[in-house]
A.B. asks: 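Have a look at this one.
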Amino acid sequence: MSITWKLIPFGPTLMKKMYQETTTRLLSSSSSNHHPPEPRVYVRKKRVKKNLEISAEEEEKLQPQQPIRHQKISGLPDIEDFEYKKTSKISELHPTTPYIPVTTTHHRSVKRASNFAKPPGNWAKVLEGIRKMRSFEDAPVDSMGCEKAGSSLPPKERRFAVLISALLSSQTKDHVNHGAIQRLLENNLLTADALEKANEDTIKSMIYPVGFYTRKASNMKKVANICLSKYDGDIPSTLEDLLQLPGIGPKMAHLVMNVGWNNVQGICVDTHVHRICNRLGWVSRKGTNQKTKSPEETRESLERWLPKEEWVPINPLLVGFGQTICTPLRPQCGRCSIVDLCPSAYKEAASPKSTAKKSQKRNNLS
DNA sequence: TTCCAGTGTC
DNA sequence: GACACCGGAA
(Lines give C-alpha, C1' and ligand atoms only; values in the text may rest on other atoms or scores of the structure.)
Protein backbone atom coordinates (compact mmCIF):
# COMPACT_ATOMS: atom_id res chain seq x y z
CA MET A 1 0.00 0.00 0.00
CA SER A 2 1.33 3.41 -0.82
CA ILE A 3 0.65 6.12 1.68
CA THR A 4 1.89 9.65 1.90
CA TRP A 5 2.53 11.61 5.01
CA LYS A 6 2.66 15.33 5.24
CA LEU A 7 3.44 17.58 8.15
CA ILE A 8 1.64 20.89 7.84
CA PRO A 9 3.48 23.90 9.29
CA PHE A 10 1.32 25.36 11.99
CA GLY A 11 1.41 29.13 11.78
CA PRO A 12 -0.94 32.09 11.90
CA THR A 13 -2.53 31.18 8.57
CA LEU A 14 -3.35 27.68 9.63
CA MET A 15 -4.52 28.97 12.98
CA LYS A 16 -6.97 31.25 11.18
CA LYS A 17 -8.17 28.30 9.14
CA MET A 18 -8.54 26.21 12.28
CA TYR A 19 -10.66 28.94 13.83
CA GLN A 20 -13.03 28.83 10.92
CA GLU A 21 -13.15 25.06 10.76
CA THR A 22 -13.68 24.69 14.48
CA THR A 23 -16.40 27.28 14.50
CA THR A 24 -18.21 25.61 11.61
CA ARG A 25 -17.90 22.27 13.31
CA LEU A 26 -19.20 23.59 16.60
CA LEU A 27 -22.15 25.28 15.02
CA SER A 28 -23.11 22.06 13.34
CA SER A 29 -22.75 19.89 16.41
CA SER A 30 -24.97 19.89 19.44
CA SER A 31 -23.53 17.04 21.46
CA SER A 32 -21.26 17.48 24.40
CA ASN A 33 -21.58 17.80 28.10
CA HIS A 34 -18.98 20.50 28.27
CA HIS A 35 -20.44 23.42 26.33
CA PRO A 36 -20.22 26.64 28.19
CA PRO A 37 -23.51 28.41 27.59
CA GLU A 38 -22.46 31.16 25.23
CA PRO A 39 -22.19 29.39 21.88
CA ARG A 40 -25.53 27.68 22.33
CA VAL A 41 -27.16 30.90 23.27
CA TYR A 42 -26.01 32.24 19.97
CA VAL A 43 -27.47 29.26 18.13
CA ARG A 44 -30.84 29.82 19.69
CA LYS A 45 -30.67 33.49 19.00
CA LYS A 46 -29.86 32.90 15.40
CA ARG A 47 -32.69 30.43 14.96
CA VAL A 48 -35.20 32.74 16.57
CA LYS A 49 -34.14 35.56 14.34
CA LYS A 50 -34.24 33.41 11.28
CA ASN A 51 -37.66 32.07 12.06
CA LEU A 52 -39.05 35.53 12.40
CA GLU A 53 -38.01 36.30 8.90
CA ILE A 54 -39.69 33.31 7.28
CA SER A 55 -43.31 32.32 6.99
CA ALA A 56 -45.02 29.92 9.35
CA GLU A 57 -45.33 27.44 6.53
CA GLU A 58 -41.63 27.57 5.84
CA GLU A 59 -40.91 27.25 9.51
CA GLU A 60 -43.00 24.13 9.62
CA LYS A 61 -40.87 22.66 6.86
CA LEU A 62 -37.70 23.63 8.66
CA GLN A 63 -38.69 22.00 11.92
CA PRO A 64 -37.06 18.62 11.30
CA GLN A 65 -33.70 20.28 10.60
CA GLN A 66 -33.85 22.36 13.74
CA PRO A 67 -33.12 19.95 16.54
CA ILE A 68 -31.40 22.50 18.71
CA ARG A 69 -34.26 24.91 18.93
CA HIS A 70 -36.20 23.47 21.84
CA GLN A 71 -33.50 21.32 23.16
CA LYS A 72 -32.21 21.67 26.67
CA ILE A 73 -28.57 20.77 26.55
CA SER A 74 -26.38 19.52 29.37
CA GLY A 75 -27.99 21.30 32.26
CA LEU A 76 -28.22 24.70 30.67
CA PRO A 77 -31.47 26.15 31.94
CA ASP A 78 -34.15 27.08 29.47
CA ILE A 79 -33.80 30.67 28.57
CA GLU A 80 -37.07 32.24 29.60
CA ASP A 81 -35.92 35.83 29.65
CA PHE A 82 -33.96 35.67 26.48
CA GLU A 83 -34.30 38.78 24.35
CA TYR A 84 -33.34 38.21 20.79
CA LYS A 85 -33.56 41.90 19.90
CA LYS A 86 -30.39 42.54 21.78
CA THR A 87 -28.43 40.88 19.08
CA SER A 88 -24.96 39.81 19.88
CA LYS A 89 -22.22 41.96 18.50
CA ILE A 90 -19.74 40.25 16.29
CA SER A 91 -16.55 41.02 18.05
CA GLU A 92 -14.25 43.42 16.26
CA LEU A 93 -11.46 41.74 18.13
CA HIS A 94 -12.09 38.48 16.34
CA PRO A 95 -12.15 39.10 12.63
CA THR A 96 -11.55 35.46 11.87
CA THR A 97 -14.32 34.16 14.08
CA PRO A 98 -17.92 34.66 13.03
CA TYR A 99 -19.16 34.97 16.59
CA ILE A 100 -17.69 35.52 20.00
CA PRO A 101 -20.09 35.93 22.90
CA VAL A 102 -18.43 38.89 24.53
CA THR A 103 -21.37 41.20 24.93
CA THR A 104 -22.82 41.78 28.35
CA THR A 105 -26.25 41.20 26.93
CA HIS A 106 -25.59 37.48 26.99
CA HIS A 107 -24.69 37.40 30.58
CA ARG A 108 -27.65 39.35 31.73
CA SER A 109 -30.25 37.49 29.81
CA VAL A 110 -29.02 33.98 30.47
CA LYS A 111 -29.34 32.00 33.64
CA ARG A 112 -26.06 30.29 34.11
CA ALA A 113 -25.69 26.73 35.18
CA SER A 114 -23.83 26.54 38.47
CA ASN A 115 -20.99 24.48 37.09
CA PHE A 116 -20.07 27.22 34.68
CA ALA A 117 -17.79 29.93 35.94
CA LYS A 118 -17.87 33.61 35.12
CA PRO A 119 -15.25 34.44 32.50
CA PRO A 120 -12.46 36.68 33.77
CA GLY A 121 -12.79 40.27 32.65
CA ASN A 122 -10.89 41.23 29.52
CA TRP A 123 -10.23 37.63 28.50
CA ALA A 124 -11.05 38.39 24.90
CA LYS A 125 -8.77 41.42 24.94
CA VAL A 126 -5.97 39.34 26.45
CA LEU A 127 -6.35 36.63 23.82
CA GLU A 128 -6.37 39.18 21.05
CA GLY A 129 -3.23 40.79 22.48
CA ILE A 130 -1.46 37.45 22.53
CA ARG A 131 -2.68 36.68 19.02
CA LYS A 132 -1.19 39.95 17.81
CA MET A 133 2.15 39.27 19.49
CA ARG A 134 2.17 35.81 17.96
CA SER A 135 1.61 37.19 14.49
CA PHE A 136 4.73 39.32 14.76
CA GLU A 137 7.06 36.58 15.86
CA ASP A 138 7.43 32.93 14.95
CA ALA A 139 7.59 30.38 17.70
CA PRO A 140 8.97 26.84 17.47
CA VAL A 141 5.42 25.54 17.51
CA ASP A 142 4.79 27.37 14.22
CA SER A 143 7.55 25.83 12.15
CA MET A 144 7.66 22.39 13.68
CA GLY A 145 3.98 21.67 13.47
CA CYS A 146 1.89 19.43 15.58
CA GLU A 147 0.87 16.02 14.39
CA LYS A 148 -1.41 16.62 11.47
CA ALA A 149 -1.65 13.42 9.53
CA GLY A 150 -1.78 13.56 5.74
CA SER A 151 -5.24 13.80 4.31
CA SER A 152 -4.50 11.18 1.67
CA LEU A 153 -4.40 8.40 4.23
CA PRO A 154 -7.53 6.29 4.63
CA PRO A 155 -9.39 7.28 7.82
CA LYS A 156 -8.38 4.29 9.89
CA GLU A 157 -4.69 4.52 8.97
CA ARG A 158 -4.74 8.24 9.45
CA ARG A 159 -6.13 7.88 12.96
CA PHE A 160 -3.54 5.31 13.88
CA ALA A 161 -0.82 7.58 12.53
CA VAL A 162 -2.20 10.44 14.60
CA LEU A 163 -2.14 8.29 17.70
CA ILE A 164 1.45 7.16 17.18
CA SER A 165 2.48 10.68 16.31
CA ALA A 166 0.95 11.92 19.56
CA LEU A 167 2.68 9.17 21.50
CA LEU A 168 6.04 10.12 20.02
CA SER A 169 5.65 13.84 20.19
CA SER A 170 5.02 14.08 23.90
CA GLN A 171 8.06 15.33 25.78
CA THR A 172 10.08 15.84 22.65
CA LYS A 173 11.13 18.49 20.19
CA ASP A 174 8.85 18.36 17.18
CA HIS A 175 11.48 18.31 14.43
CA VAL A 176 12.86 15.13 16.01
CA ASN A 177 9.41 13.56 15.84
CA HIS A 178 9.10 14.56 12.24
CA GLY A 179 12.14 12.46 11.40
CA ALA A 180 10.94 9.53 13.48
CA ILE A 181 7.52 9.50 11.82
CA GLN A 182 9.11 9.73 8.39
CA ARG A 183 11.32 6.71 9.12
CA LEU A 184 8.39 4.69 10.43
CA LEU A 185 6.41 5.59 7.35
CA GLU A 186 9.20 4.71 4.93
CA ASN A 187 9.51 1.33 6.58
CA ASN A 188 5.77 0.72 6.51
CA LEU A 189 5.61 0.62 10.27
CA LEU A 190 2.81 3.07 10.71
CA THR A 191 -0.02 0.59 11.03
CA ALA A 192 -1.13 -1.43 14.03
CA ASP A 193 -0.52 -4.66 12.17
CA ALA A 194 3.07 -3.87 11.20
CA LEU A 195 3.97 -2.37 14.55
CA GLU A 196 2.63 -5.34 16.44
CA LYS A 197 4.81 -7.70 14.44
CA ALA A 198 7.90 -5.50 14.44
CA ASN A 199 10.86 -6.09 16.64
CA GLU A 200 11.05 -3.67 19.57
CA ASP A 201 14.71 -2.90 18.87
CA THR A 202 13.81 -2.08 15.27
CA ILE A 203 11.17 0.36 16.47
CA LYS A 204 13.68 1.80 18.91
CA SER A 205 16.19 2.46 16.16
CA MET A 206 13.49 4.00 13.96
CA ILE A 207 12.36 6.54 16.52
CA TYR A 208 15.75 7.40 18.01
CA PRO A 209 16.57 10.13 19.16
CA VAL A 210 13.01 10.92 20.21
CA GLY A 211 12.85 11.63 23.92
CA PHE A 212 12.45 8.53 26.10
CA TYR A 213 12.62 6.31 23.05
CA THR A 214 13.05 3.07 24.99
CA ARG A 215 9.82 3.47 26.87
CA LYS A 216 8.02 4.78 23.81
CA ALA A 217 9.09 1.85 21.65
CA SER A 218 7.69 -0.52 24.23
CA ASN A 219 4.52 1.56 24.55
CA MET A 220 4.09 1.59 20.77
CA LYS A 221 4.07 -2.17 20.64
CA LYS A 222 1.58 -2.38 23.48
CA VAL A 223 -0.64 0.23 21.84
CA ALA A 224 -0.53 -1.61 18.51
CA ASN A 225 -1.44 -4.81 20.27
CA ILE A 226 -4.41 -3.24 22.07
CA CYS A 227 -5.61 -1.52 18.90
CA LEU A 228 -5.51 -4.81 17.02
CA SER A 229 -7.16 -6.97 19.62
CA LYS A 230 -9.79 -4.54 20.88
CA TYR A 231 -10.37 -2.08 18.05
CA ASP A 232 -9.67 -4.04 14.90
CA GLY A 233 -6.57 -2.03 14.12
CA ASP A 234 -8.35 1.27 14.64
CA ILE A 235 -7.84 3.51 17.65
CA PRO A 236 -10.19 3.95 20.64
CA SER A 237 -12.88 6.49 19.95
CA THR A 238 -13.52 7.75 23.46
CA LEU A 239 -11.40 9.71 25.85
CA GLU A 240 -11.66 7.05 28.52
CA ASP A 241 -10.45 4.29 26.22
CA LEU A 242 -7.62 6.40 24.86
CA LEU A 243 -6.43 7.06 28.39
CA GLN A 244 -6.16 3.32 28.95
CA LEU A 245 -3.36 3.14 26.40
CA PRO A 246 0.17 3.17 27.82
CA GLY A 247 1.96 6.44 27.13
CA ILE A 248 -1.26 8.33 26.44
CA GLY A 249 -2.14 10.80 29.17
CA PRO A 250 -4.77 13.54 29.34
CA LYS A 251 -2.95 15.95 27.07
CA MET A 252 -2.45 13.55 24.20
CA ALA A 253 -5.86 11.93 24.65
CA HIS A 254 -7.56 15.27 24.06
CA LEU A 255 -5.29 15.96 21.12
CA VAL A 256 -6.09 12.61 19.53
CA MET A 257 -9.82 13.05 20.08
CA ASN A 258 -9.58 16.40 18.36
CA VAL A 259 -7.20 15.62 15.50
CA GLY A 260 -8.02 11.95 15.07
CA TRP A 261 -11.77 11.94 15.56
CA ASN A 262 -12.57 15.57 14.89
CA ASN A 263 -14.29 15.58 18.25
CA VAL A 264 -13.43 18.29 20.75
CA GLN A 265 -13.89 16.70 24.16
CA GLY A 266 -11.74 19.09 26.11
CA ILE A 267 -8.92 21.58 26.05
CA CYS A 268 -5.49 20.25 25.32
CA VAL A 269 -3.59 21.64 28.30
CA ASP A 270 0.15 21.36 28.40
CA THR A 271 2.68 23.00 30.64
CA HIS A 272 2.54 26.30 28.72
CA VAL A 273 -1.24 26.60 28.86
CA HIS A 274 -1.11 25.62 32.52
CA ARG A 275 1.53 28.19 33.41
CA ILE A 276 0.10 31.09 31.41
CA CYS A 277 -3.50 30.58 32.54
CA ASN A 278 -2.30 30.72 36.13
CA ARG A 279 -0.20 33.80 35.51
CA LEU A 280 -3.23 35.51 33.98
CA GLY A 281 -5.41 34.48 36.90
CA TRP A 282 -7.72 32.64 34.53
CA VAL A 283 -7.94 29.43 36.52
CA SER A 284 -8.19 28.46 40.16
CA ARG A 285 -8.70 25.43 42.35
CA LYS A 286 -12.40 24.76 42.64
CA GLY A 287 -14.04 26.97 45.22
CA THR A 288 -10.85 28.88 46.01
CA ASN A 289 -8.66 31.62 44.59
CA GLN A 290 -5.57 29.44 44.69
CA LYS A 291 -3.63 28.61 41.57
CA THR A 292 -4.24 25.23 40.00
CA LYS A 293 -1.63 22.58 40.79
CA SER A 294 -1.72 20.48 37.65
CA PRO A 295 -2.53 20.81 33.97
CA GLU A 296 -5.58 18.62 34.55
CA GLU A 297 -6.89 21.01 37.17
CA THR A 298 -6.22 23.88 34.81
CA ARG A 299 -8.15 22.14 32.06
CA GLU A 300 -11.22 21.66 34.24
CA SER A 301 -11.10 25.23 35.48
CA LEU A 302 -10.62 26.66 32.00
CA GLU A 303 -13.40 24.58 30.50
CA ARG A 304 -15.83 26.08 32.98
CA TRP A 305 -15.79 29.42 31.25
CA LEU A 306 -13.80 29.48 28.02
CA PRO A 307 -16.15 29.50 25.00
CA LYS A 308 -15.82 26.27 23.13
CA GLU A 309 -14.70 27.78 19.86
CA GLU A 310 -11.49 28.76 21.65
CA TRP A 311 -10.78 25.27 22.99
CA VAL A 312 -8.71 24.17 20.03
CA PRO A 313 -6.82 27.34 19.04
CA ILE A 314 -5.89 28.27 22.60
CA ASN A 315 -3.25 25.57 22.72
CA PRO A 316 -1.03 26.61 19.79
CA LEU A 317 -1.65 30.22 20.71
CA LEU A 318 -0.43 29.92 24.30
CA VAL A 319 2.28 27.37 23.51
CA GLY A 320 3.90 29.76 21.06
CA PHE A 321 3.46 32.66 23.47
CA GLY A 322 5.00 30.54 26.21
CA GLN A 323 7.97 29.58 24.08
CA THR A 324 8.84 33.12 23.11
CA ILE A 325 7.61 35.67 25.63
CA CYS A 326 5.81 34.21 28.61
CA THR A 327 8.61 31.73 29.24
CA PRO A 328 8.77 29.56 32.35
CA LEU A 329 11.99 31.19 33.49
CA ARG A 330 12.48 34.93 33.33
CA PRO A 331 9.33 35.78 31.36
CA GLN A 332 9.92 38.72 29.08
CA CYS A 333 7.28 41.07 30.45
CA GLY A 334 9.12 44.00 28.88
CA ARG A 335 8.26 42.66 25.44
CA CYS A 336 4.69 41.71 26.30
CA SER A 337 1.89 43.93 25.08
CA ILE A 338 -0.65 42.79 27.65
CA VAL A 339 1.31 43.55 30.83
CA ASP A 340 -1.42 45.96 31.86
CA LEU A 341 -3.92 43.11 31.86
CA CYS A 342 -1.66 40.56 33.54
CA PRO A 343 -1.74 40.28 37.33
CA SER A 344 1.63 38.49 37.30
CA ALA A 345 3.54 41.01 35.21
CA TYR A 346 7.07 41.60 36.51
CA LYS A 347 6.32 39.49 39.56
CA GLU A 348 8.20 36.29 38.81
CA ALA A 349 11.26 35.70 40.95
CA ALA A 350 14.57 36.35 39.20
CA SER A 351 16.07 33.06 40.30
CA PRO A 352 13.71 30.14 40.00
CA LYS A 353 12.83 28.15 43.08
CA SER A 354 13.64 24.84 41.48
CA THR A 355 17.21 25.87 40.83
CA ALA A 356 17.60 27.15 44.35
CA LYS A 357 16.21 23.87 45.69
CA LYS A 358 18.50 21.77 43.52
CA SER A 359 21.56 23.81 44.47
CA GLN A 360 20.66 23.39 48.10
CA LYS A 361 20.23 19.66 47.63
CA ARG A 362 23.62 19.42 45.94
CA ASN A 363 25.26 21.36 48.72
CA ASN A 364 23.68 19.09 51.30
CA LEU A 365 24.94 16.01 49.51
CA SER A 366 28.51 17.21 49.17
C1' DT B 1 25.00 22.40 34.22
C1' DT B 2 20.29 23.36 33.65
C1' DC B 3 16.24 23.00 31.35
C1' DC B 4 12.79 21.12 28.28
C1' DA B 5 7.98 18.21 28.85
C1' DG B 6 4.14 14.50 29.42
C1' DT B 7 3.54 10.10 31.41
C1' DG B 8 4.15 6.56 34.80
C1' DT B 9 5.31 4.97 39.31
C1' DC B 10 6.01 5.07 44.07
C1' DG C 1 4.57 15.44 45.58
C1' DA C 2 8.96 13.62 44.00
C1' DC C 3 11.33 11.43 40.72
C1' DA C 4 12.66 8.68 36.44
C1' DC C 5 12.77 8.65 31.69
C1' DC C 6 15.93 10.76 27.06
C1' DG C 7 19.00 13.58 23.97
C1' DG C 8 20.08 17.90 22.98
C1' DA C 9 19.91 23.02 23.13
C1' DA C 10 21.08 26.98 25.75
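Throughout, a chain's letter reflects where its sequence line sits, starting with A, and its residues are numbered from 1. Remember, predicted model here, so these are calculated numbers, not experimental data.
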A.B. asks: Does the pair A:Glu200/A:Lys204 count as a salt bridge with the N-to-O cut at 4.0 Å?
C.D. replies: no
A.B. asks: Report the distance from atom NZ of A:Lys222 to atom P of B:dT7, rounded to the nearest whole Å.
C.D. replies: 16 Å
A.B. asks: Compare side-chain N and O positions of A:Thr214 against OP1 and OP2 of C:dC6 and report whether any pair is under 4.0 Å apart.
C.D. replies: yes
A.B. asks: Would you mind classifying the nucleic acid contact of A:Pro295 as base, sugar-phosphate or nothing, using non-hydrogen atoms under 4.0 angstrom?
C.D. replies: nothing
A.B. asks: I'd like the P distance from C:dC6 over to B:dC10, given in whole Å.
C.D. replies: 16 Å
A.B. asks: Output yes when a side-chain donor or acceptor of A:Lys156 lies under 3.5 Å from a complementary backbone atom of A:Asp234, and no otherwise.
C.D. replies: no
A.B. asks: When the P atoms of B:dT7 and C:dG8 are considered, how many whole Å apart are they?
C.D. replies: 22 Å
A.B. asks: What do the steps show when you test A:Glu128 against A:Lys125 for salt bridge (charged side-chain N to carboxylate O under 4.0 Å, His left out), and what is the final call?
C.D. replies: CA-CA 5 Å; A:Glu128 180 53 24; A:Lys125 228 174 167 178; over 6 Å; no
A.B. asks: For the pair made of CG in A:Leu167 and P in B:dA5, what is the distance, rounded to whole Å?
C.D. replies: 18 Å
A.B. asks: Rounding to a whole Å, what distance do you find between A:Met220:CE and C:dC6:C1'?
C.D. replies: 16 Å
A.B. asks: Between A:Ile248 and A:Thr327, who's closer to the 5' end of DNA chain B by nearest nucleotide?
C.D. replies: A:Thr327
A.B. asks: Out of B:dA5, B:dG8, C:dG7, which nucleotide sits closest to the side chain of A:Thr271?
C.D. replies: B:dA5
A.B. asks: Can you measure A:Asn177 atom CG to C:dG7 atom P for me and round it to whole angstrom units?
C.D. replies: 15 Å
A.B. asks: Can you check the A:Gln244 CD to B:dT7 P distance for me, whole Å?
C.D. replies: 14 Å
A.B. asks: How long is the line joining CZ of A:Arg275 and C1' of B:dC4, in whole Å?
C.D. replies: 11 Å
A.B. asks: For A:Leu168, report the nucleic acid contact type (base, sugar-phosphate, nothing); a contact means any heavy atom under 4.0 Å.
C.D. replies: nothing
A.B. asks: Measure from CD on A:Gln323 to C1' on B:dC3 and round the result to the nearest Å.
C.D. replies: 14 Å
A.B. asks: Return the value, rounded to whole Å, for the distance between atom CD1 of A:Ile207 and atom P of C:dG8.
C.D. replies: 14 Å
A.B. asks: Taking any heavy-atom pair under 4.0 Å as a contact, classify A:Asn219: base, sugar-phosphate, or nothing.
C.D. replies: nothing
A.B. asks: Can you find a side chain N or O atom of A:Tyr208 that sits less than 4.0 Å from OP1 or OP2 on C:dC6?
C.D. replies: no
A.B. asks: How far does OH of A:Tyr213 sit from CG of A:Asn219, to the nearest 0.5 angstrom?
C.D. replies: 14.5 Å
A.B. asks: When all nucleic acid strands are considered with a 4.0 Å heavy-atom cut-off, which category describes A:Lys216: base, sugar-phosphate, or nothing?
C.D. replies: nothing
A.B. asks: Would a distance-only check, ignoring hydrogens and angles, find a side-chain to backbone donor-acceptor pair under 3.5 Å from A:Asp270 to A:Val273?
C.D. replies: yes
A.B. asks: Compare the ring of A:Phe212 with the six-membered ring in the base of C:dC6 and state whether they stack (centres under 5.5 Å, planes under 30°).
C.D. replies: no
A.B. asks: Mapping A:Gly247 and A:His272 onto DNA chain B by nearest heavy atom, which one lands closer to the 5' end?
C.D. replies: A:His272
